[in-house]
Each structure stands twice: as structure tokens, then as C-alpha cells.
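For ligands, and for the atoms within them, numbers begin at 1 and follow the listed sequence. All values reported here derive from a predicted model rather than from experimental measurement.
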Amino acid sequence: MKRRTFIQNASLTGIGVVAGAAALSCKDEKDSTTQASSRSNSAAMIATIPVVIATWNVPTSTAKAWEVLQEGKSALEAIEQGCMVEEANAEGQSVGIGGLPDRDGKVTLDACIMNKHGDYGAVVCMQNIVHPISVARKVMEDTPHVIFAGKGAEEYAVSIGFKRENLLTESSKKAWEKWRKTSLYKPIINIENHDTIGMLAIDKNGDISGGCTTSGLAYKMAGRVGDSAIIGSGLFIDNEIGGATATGLGEEVLKTVGSFLIVELMRQGKSPQEACEEAIGRIIKKTPVFKDFQVGYIAVNKAGETGAYCIHEGFTMMQYQNNENENIPVDFYNKA
Ligand code: SD4
């Protein structure tokens, strides 16, 4: 999808629920009205709730979350169950079981969850547990703390009934062994372990929750923690405003506190699309070597309008809205 089309879609989401043109981007207001009629037969592009969006091409995860929302359950429940689908998928090499390991061959997982109250729970660098998103929820709901790390996270999970399992599948082990033999390793944009699931949902009551789950960068240094489980970076939810989540090179997202930034920009009146573009702009401005890495953001506001933006071509967003589960190519900065 071309940049213009994507922006058009994002702007159009204002016409379903949001009153009038106030929610449309000012710079494109006239344009958007024209575009609205040309897209009026596409129900999926009209902002309604419930809605689920997720990073990358994860139709079964968004479908699960949608099913949960259709049962009238909370966005929080939808987020947990949606993320669990991909965590349990051994074929996926960047979330849960099957995730590519660190440079020592250990699969370490980061995940977090936020609810409509702004409560937050996370686990970082946790091994041997298939569903870090569920452990993160338990940290949030059943402990006085917000982040559990490493061995402590694993032991806490086991103490409340999670089973220890080997997360290193044969194919991920083979990939790691191959990597160990090469000294020329360098991350490859979009191919190198970018399937982190960041998921945002609004339920029938209009309440927002979000989650983010990953095995992090492939072959990272032991102990490295990325953005995905860190509040404000990999994920942020404010039930009055909306939510945002990230994928890509976590170090860059952390340094710009990207998801919090996007929610604050939406609070100031920017559309989800505009806010994602500005957050990517901050990274580009600070980091001249942006050509070597990918970062992508997705966002939703309280009305169910969505937006997404990234540095390089290749990032997509799943959007389940108006009974349609769609994988949308995301507009990108680096057109060179
Ligand atoms: C990280 N942001 O650990 C994650 C990696 C990622 O798609 O998003 N991959 O830095």
C-alpha cells in the first residue's frame, strides 16, 4: 500500500464513530472527505469498536482476540489470549516457543501487559516458560510489583503453576549453530527476528488494553533486554486516550520512549497516524544510521482510529475491525 493510501485509510477511520471532521488530520481534511466516499464500501476502514490491531502478519492471534471480544469479554482477556496463540506457535522464531536464542543458545523472553486502569506487569529475560504474557498478567494482578526478571520470573511462574519447557526448537537450534560459525553476522532488516507481537484492543465497553511479547533480538548478548516489556517503550496504554506498541530494534525505541510518546502526541490532538510518524521521526533525527535497522509503531485512539508507521518497507499491521481481519502494509520513511 502506498503512503497516501495508508494515510487515507487511517484518516478515514474517523468517519464511523468520531463526530464530523474534527478527528481528521487538518492538513488533509478536504482530501480526506473525497477519499472517504471512494472508500465508503470498505467497512473495515471505518473506525468502530471493538477493534484489535497487532504488529506483523498474525491473523490467528488477532482472530483469537476478536473472538474473545465478541463473547463480550474484556480487552485485557482478548490481549492475553491473542498473544498466547503466537507464543505457542513453534514455527514463529521470535515469540514464545521456537524463539531464536541469545548468543549462548538460550531462549529468553520479554513480555508485558497493560489494562484499562493503567496497571502494568512484565517479565524480562525469562527462560523455559511458553507464555510470558500470562506470567506478566499474574505479576500485574497478583503481586505488589510490576517487573520480574530472569530466574526470579521463572521461579515465580513455576510457583503459580506454569510448567517448565524447553523453548529451543530444532530449527531454531540449527539457525543458532549456523550463526555461531559466521563472524560476519549483522541484523537484516525485517528478516532478522522481527515478529514481536505488540497487540492493542478496545472492547465493547470502549476500554483499552495492550500487550507485547517477544524473544527479543536473535543472538543478542546474554542478559540483554529490549523495549518490548518496558512500559512506555514497547507498549503504553492510557484508557482516556489510546494505546501504542512497537516492534524492531528495541534500543532505539527505548531511547525515545516511543509508545508513551505516541500516546502523549495523541493526547495533544494528533491522529494515531500522525503520532506514529512523529515518533519514527524522532528516531531518524537522532540516529543517522537508521538505514541499518527497522522500527515500526502501531497505535489506536479511543474512537478506534488506527495508525502505523515504520522506517523501512516491509512492516505490516493486522487489523480486526468490522468483522474483517486484514493485514495492512505500513507506510515507511526510507523511500530512497
Ligand atoms: C527487541 N523490539 O527485543 C524487540 C524485537 C522485535 O520484532 O520487535 N522484533 O528489541
Side-chain angles (χ1 to χ4, degrees), residues 53-58 61 83 86-87 89 91-103 106-113 122-127 132-133 136 147 149-150 153 167 172 175 179 185-200 210-236 244-262 276 279-280 283 287 289-290 292-299 308-318 327 330 332:
I53 57 173
T55 52
W56 303 105
N57 188 14
V58 289
S61 290
C83 289
E86 195 54 34
E87 287 178 342
N89 172 17
E91 305 297 309
Q93 289 191 305
S94 47
V95 177
I97 191 160
L100 289 168
D102 65 15
R103 59 165 61 182
K106 293 190 175 112
V107 181
T108 65
L109 305 177
D110 300 338
C112 76
I113 198 159
V123 291
V124 296
C125 222
M126 184 176 73
Q127 293 182 48
I133 195 75
I147 306 179
L167 303 181
S172 289
W179 169 78
Y185 175 78
K186 193 170 162 227
I188 302 164
I189 291 164
N190 284 333
I191 297 173
E192 185 47 70
N193 193 26
H194 286 301
D195 283 321
T196 291
I197 296 211
M199 186 182 280
L200 308 169
C212 195
T213 180
T214 190
S215 54
L217 292 185
Y219 320 128
K220 59 198 174 186
M221 292 174 75
R224 179 263 188 192
V225 171
D227 62 307
S228 302
I230 305 302
I231 188 169
S233 291
L235 176 75
F236 196 71
T245 187
T247 182
L249 188 65
E251 282 72 7
E252 298 302 324
V253 177
L254 281 160
K255 286 189 280 182
T256 49
V257 200
S259 294
F260 181 72
L261 173 63
I262 290 168
C276 289
I280 289 292
I283 294 175
T287 318
V289 294
F290 70 84
D292 297 336
F293 61 84
Q294 173 71 301
V295 171
Y297 290 114
I298 64 171
Y309 199 61
C310 61
I311 300 177
H312 301 284
E313 189 168 18
F315 175 44
T316 62
M317 172 174 75
M318 281 311 300
N327 192 232
V330 170
F332 54 99

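With a 4.0 Å cut-off on non-hydrogen atoms, Q294 does not touch ligand 1 at all.
For N57, there are no side chain to side chain donor-acceptor pair (under 3.5 Å) partners, not counting sequence neighbours. Residues satisfying the salt bridge (Lys or Arg N to Asp or Glu O under 4.0 Å) criterion with K255, sequence neighbours excluded, are E252.
Any N or O atom pair closer than 3.5 Å counts here, and G226 shares no such pair with ligand 1.
A salt bridge between R224 and E251 is present, with a side-chain N of the basic residue lying under 4.0 Å from a carboxylate O of the acidic one.
Less than 4.0 angstrom separates some heavy atom of S228 from each of these atoms of ligand 1: 2 (N), 4 (C). In summary, the atoms of ligand 1 found under 4.0 Å from a heavy atom of T247, numbered by their order in the structure, are 6 (C), 7 (O), 8 (O), 9 (N).
Ring-plane geometry between Y219 and W179 is classed as parallel, the angle between the planes falling under 30 degrees on a 0 to 90 degree scale with a further cut at 60.
Residue nearest to atom 2 (N) of ligand 1, selected from L249, T245, T196, D227: D227 (by heavy-atom distance). For atom 3 (O) of ligand 1, the choice among K220, R224, E252 with the nearest heavy atom turns out to be R224.
Using modelled atom types, one side-chain atom of T245 and one backbone atom of G234 make a donor-acceptor pair closer than 3.5 Å.
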